[in-house]
Asker: 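Before anything else, here's the structure in question.
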Amino acid sequence: MWGTGGATGANPEVDHAIWLEDPVGDYYVTILDWGEGVNFNYTFKLLHPNGTIQTITGTFDGTNYPYTYFVGPASWGSPKAYKILKVVNDGTKFVVTKL
């Protein structure tokens with residue numbers, strides 16, 4: 001389920017996109033920039049396959065982009081998608097790091 005109308009503390013986005021059954025490799029969690037040039041704090045709560053929860057927090061700086069990005073879906077207006085977290089799936093566990 002995704003947050004409708006944008007994620008907020010009261011309406012967070014929930015994503016179940018990466019599974020151990022997915023191909024072994026590197027995946028990225030991204031933040032979409034809709035051209036607003038805003039700064040905001042974020043919190044990711046990650047449920048690992050072993051049941052542990054990892055929390056990663058940070059601030060997205062919408063005026064200074066030291067992040068790697070790619071162009072998001074054209075059907076969404078082609079926003080820039082900035083890589084915030086790297087998820088390594090080795091087939092038995094996830095290792096998640098903040099970029």
Asker: Does atom NZ (K98) have a neighbourhood of more than 12 heavy atoms from anything else shown, all under 6.0 Å?
Answerer: yes
Asker: Which heavy atom of Y82 sits nearest to which heavy atom of F60, and what is that distance?
Answerer: CD1-CZ, 3.8 Å
Asker: Which pair of heavy atoms, one from L32 and one from P79, lies closest together, and at what distance?
Answerer: CD2-CG, 4.2 Å
Asker: Rounded to the nearest 0.5 Å, what separation is found between the CD1 atom of I53 and the CG atom of L47?
Answerer: 6.0 Å
Asker: Identify the heavy atoms of T52 and N50 that sit nearest to each other, and give their distance.
Answerer: OG1-OD1, 2.8 Å
Asker: Between T55, T57, I84, which is the residue that forms a side chain to side chain contact (heavy atoms under 4.5 Å, CB included) with F44?
Answerer: I84
Asker: Working to the nearest 0.5 Å, report the span between CG of L85 and CD1 of I31.
Answerer: 8.0 Å
Asker: Let me confirm one number: the CG-CD1 distance from L99 to I56, rounded to the nearest 0.5 Å.
Answerer: 9.0 Å
Asker: How far apart are the closest heavy atoms of D22 and A17, and which atoms are they?
Answerer: OD2-O, 3.4 Å
Asker: At their closest point, which heavy atom of V96 faces which heavy atom of Q54, and how far apart are they?
Answerer: O-NE2, 3.4 Å
Asker: What's the shortest heavy-atom distance between F94 and L20, and which atoms?
Answerer: CZ-N, 3.7 Å
